[in-house]
Student: 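Sharing a structure below in C-alpha cells format, with a few things to ask.
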Amino acid sequence: MKLLLTLLSTAIFCAAIPRTQDDELAKSIERGKMVYSENCISCHMGTGEGITATFPPLAKSDYLMKTPENAIQAIKFGLIGKVTVNGVSYDNMMPEPGLANEQIADVMNYIMNSWGNSSEKKMITVKMVEAVKPAEEK
C-alpha cells in the first residue's frame, strides 16, 4: 500500500511540473501582449506583419525564431543597421524602448508564440534577457 501511495504521489507531482511551466508561460504571454500593444504595435502592426521594406515582420519570422538572442538584443538596446528577415533586407532604426528585463522576456514570449510562431513551450526568462549584452560587449 505504501508503495502504491508513493508511486501515485510521484506521478501526480511529476504531472504537475510541466503544467506549472505552461501556466508561467501563459501568464508571461498575456503580460507580453500588453507590452506589445503599448510599445511595438505601431511599427510591427497588430498581427506582427510589419511594413514591407520599412519594419520587419515578427509573424513567421526566421530572424526571431532562429536567433532569439538577437531579437532580445534589439529590444533591449535598440537596433541600427541592416537585418534580413524572411529573405528581405531591412535597414532602419529601432529605438530602445526602455523596457525592464521582465517586460522584454514577456514580450519575447508573446511574439514567439503568436502569428504562426511557436517556441514549442520554450520560455524566455529574465535570466536569459539579463545575459544578453550590447553588441560591442560580446
Side-chain angles (χ1 to χ4, degrees):
M1 185 67 171
K2 266 186 170 178
L3 180 60
L4 180 61
L5 285 174
T6 302
L7 289 173
L8 186 58
S9 297
T10 302
I12 291 170
F13 177 75
C14 290
I17 292 173
R19 198 168 300 129
T20 301
Q21 185 172 351
D22 287 350
D23 289 346
E24 284 182 46
L25 179 59
K27 288 176 186 175
S28 178
I29 289 169
E30 196 57 38
R31 291 188 306 264
K33 184 176 184 178
M34 294 298 296
V35 173
Y36 184 86
S37 68
E38 293 169 1
N39 296 277
C40 314
I41 200 167
S42 60
C43 296
H44 296 287
M45 304 286 109
T47 56
E49 72 271 14
I51 298 174
T52 305
T54 306
F55 303 116
L58 302 174
K60 299 178 185 170
S61 168
D62 61 352
Y63 181 86
L64 171 67
M65 300 309 290
K66 289 180 183 174
T67 57
E69 301 82 15
N70 290 346
I72 291 169
Q73 187 178 59
I75 297 168
K76 192 171 179 179
F77 303 107
L79 178 67
I80 296 175
K82 192 177 202 177
V83 294
T84 302
V85 180
N86 299 339
V88 177
S89 291
Y90 295 85
D91 192 4
N92 211 338
M93 183 202 148
M94 179 177 139
E96 178 185 340
L99 299 175
N101 289 337
E102 183 177 22
Q103 291 174 303
I104 295 169
D106 289 342
V107 79
M108 282 292 296
N109 286 319
Y110 172 66
I111 62 179
M112 291 182 73
N113 290 283
S114 299
W115 317 302
N117 297 331
S118 175
S119 69
E120 298 173 6
K121 306 282 185 200
K122 294 178 187 165
M123 186 169 169
I124 300 293
T125 65
V126 172
K127 279 190 169 197
M128 292 167 74
V129 174
E130 289 170 348
V132 174
K133 304 297 179 202
E136 60 271 4
E137 290 185 24
K138 283 186 175 180

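Any value given below was found using the heavy atoms of this structure, including those in side chains, with hydrogens, waters and symmetry copies removed. Along the sequence shown, residues carry numbers from 1.
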Student: For D62 versus G87, what's the shortest heavy-atom pair and its separation?
Tutor: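 Heavy atoms of D62 and G87 come nearest at OD2-N, 4.3 Å.
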Student: If you compare all heavy atoms of A74 against all heavy atoms of L79, which two are closest, and at what distance to 0.1 Å?
Tutor: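 Taking A74 first and L79 second, the nearest heavy atoms are CB-CB, 4.0 Å.
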Student: Just by modelled atom types, is the G81 backbone N or O under 3.5 Å from a matching donor or acceptor in the N92 side chain?
Tutor: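 Such a contact is absent between N92 side chain and G81 backbone.
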Student: Would you mind listing every salt bridge (charged side-chain N to carboxylate O under 4.0 Å, His left out) that reaches into residues 81-105, with sequence neighbours excluded?
Tutor: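 Qualifying pairs: R31-E102.
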Student: Membership question, hydrophobic clusters at under 4.5 Å side-chain separation (ILVMFWY): are Y90 and I80 in the same one?
Tutor: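 In one cluster: no.
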Student: Below 4.5 Å, heavy atoms only, C-beta onward: do V107 and C40 meet side chain to side chain?
Tutor: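 Yes - at least one pair of side-chain heavy atoms lies under 4.5 Å apart.
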Student: Residues two or more places apart in sequence or in another chain: which of them pass ring pair (Phe, Tyr, Trp, His ring centres under 6.0 Å) with Y36?
Tutor: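 With neighbours one apart ignored, the set is Y110, W115.
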Student: Only counting residues at least two apart or in another chain, list the ones meeting side-chain hydrogen bond (donor to acceptor under 3.5 Å, both in side chains) with N109.
Tutor: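 S28.
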Student: To the nearest 0.5 Å, how far apart are OG in S61 and NE2 in H44?
Tutor: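 One gets 9.5 Å once the value is rounded to the nearest 0.5 Å.
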Student: Do K76 side-chain atoms and I104 backbone N/O form a donor-acceptor pair below 3.5 Å?
Tutor: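 No.
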Student: Answer yes if M128 and L25 sit in the same cluster of Ile, Leu, Val, Met, Phe, Trp and Tyr residues linked by side chain heavy atoms under 4.5 Å apart, and no otherwise.
Tutor: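 Yes.
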Student: So, S114 side chain and I111 main chain: donor-acceptor pair closer than 3.5 Å or not?
Tutor: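 No, because the side chain of S114 does not come within donor-acceptor range (under 3.5 Å) of the backbone of I111.
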Student: Which heavy atom of I124 sits nearest to which heavy atom of P68, and what is that distance?
Tutor: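 The answer is CD1-CB, 4.4 Å.
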Student: Give, for atom CD1 of I72 and atom CZ of F77, the distance between the pair rounded to the nearest 0.5 Å.
Tutor: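 Here the interatomic distance stands at 10.5 Å.
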Student: Output the distance between atom NZ (K33) and atom CG (N113), rounded to the nearest 0.5 Å.
Tutor: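 Nearest 0.5 Å value for the NZ-CG distance: 13.0 Å.
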Student: Only counting residues at least two apart or in another chain, list the ones meeting side-chain hydrogen bond (donor to acceptor under 3.5 Å, both in side chains) with N101.
Tutor: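 side-chain hydrogen bond (donor to acceptor under 3.5 Å, both in side chains) list for N101, sorted by chain: empty.
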Student: How long is the straight-line distance from CE of M108 back to OG of S119, given to the nearest 0.5 Å?
Tutor: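 S119 OG to M108 CE: 9.5 Å, rounded to 0.5 Å.
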Student: My understanding is that only residues two or more places apart in sequence, or in another chain, count here; which of them pass side chain to side chain contact (heavy atoms under 4.5 Å, CB included) with T67?
Tutor: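 In terms of side chain to side chain contact (heavy atoms under 4.5 Å, CB included), with neighbours along the sequence ignored, T67 is linked to Y63, N70.
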Student: Please check: side-chain N/O of E38 versus main-chain N/O of V35, any donor-acceptor pairing under 3.5 Å?
Tutor: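 Pair absent, no side-chain N/O of E38 close to backbone of V35.
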Student: Kindly give the heavy-atom pair with the smallest separation between P57 and N86, and that separation in Å.
Tutor: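 The answer is CG-ND2, 3.9 Å.
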Student: Taking the side chain as everything from C-beta on, heavy atoms only, tell me whether S89 gets closer than 4.5 Å to V83.
Tutor: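 No - every pair of side-chain heavy atoms lies 4.5 Å or more apart.
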Student: With no hydrogens and no angle check, is any side-chain donor or acceptor of K133 less than 3.5 Å from a backbone partner on E130?
Tutor: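 A pair under 3.5 Å: yes.
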Student: Sequence neighbours excluded, which residues qualify as side chain to side chain contact (heavy atoms under 4.5 Å, CB included) partners of M45?
Tutor: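 If we apply the side chain to side chain contact (heavy atoms under 4.5 Å, CB included) test to M45, skipping adjacent residues, the hits are E49, I51.
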Student: Hey, could you give me the CD/NZ distance between E30 and K27, rounded to the nearest 0.5 Å?
Tutor: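 The CD atom of E30 sits 11.5 Å away from the NZ atom of K27.
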Student: Any link between V126 and M112 through a network of hydrophobic side chains (Ile, Leu, Val, Met, Phe, Trp, Tyr) touching at under 4.5 Å?
Tutor: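 No, separate clusters.
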Student: Give, for atom CE of M65 and atom OG of S118, the distance between the pair rounded to the nearest 0.5 Å.
Tutor: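 So the gap between those two atoms works out to 6.0 Å.
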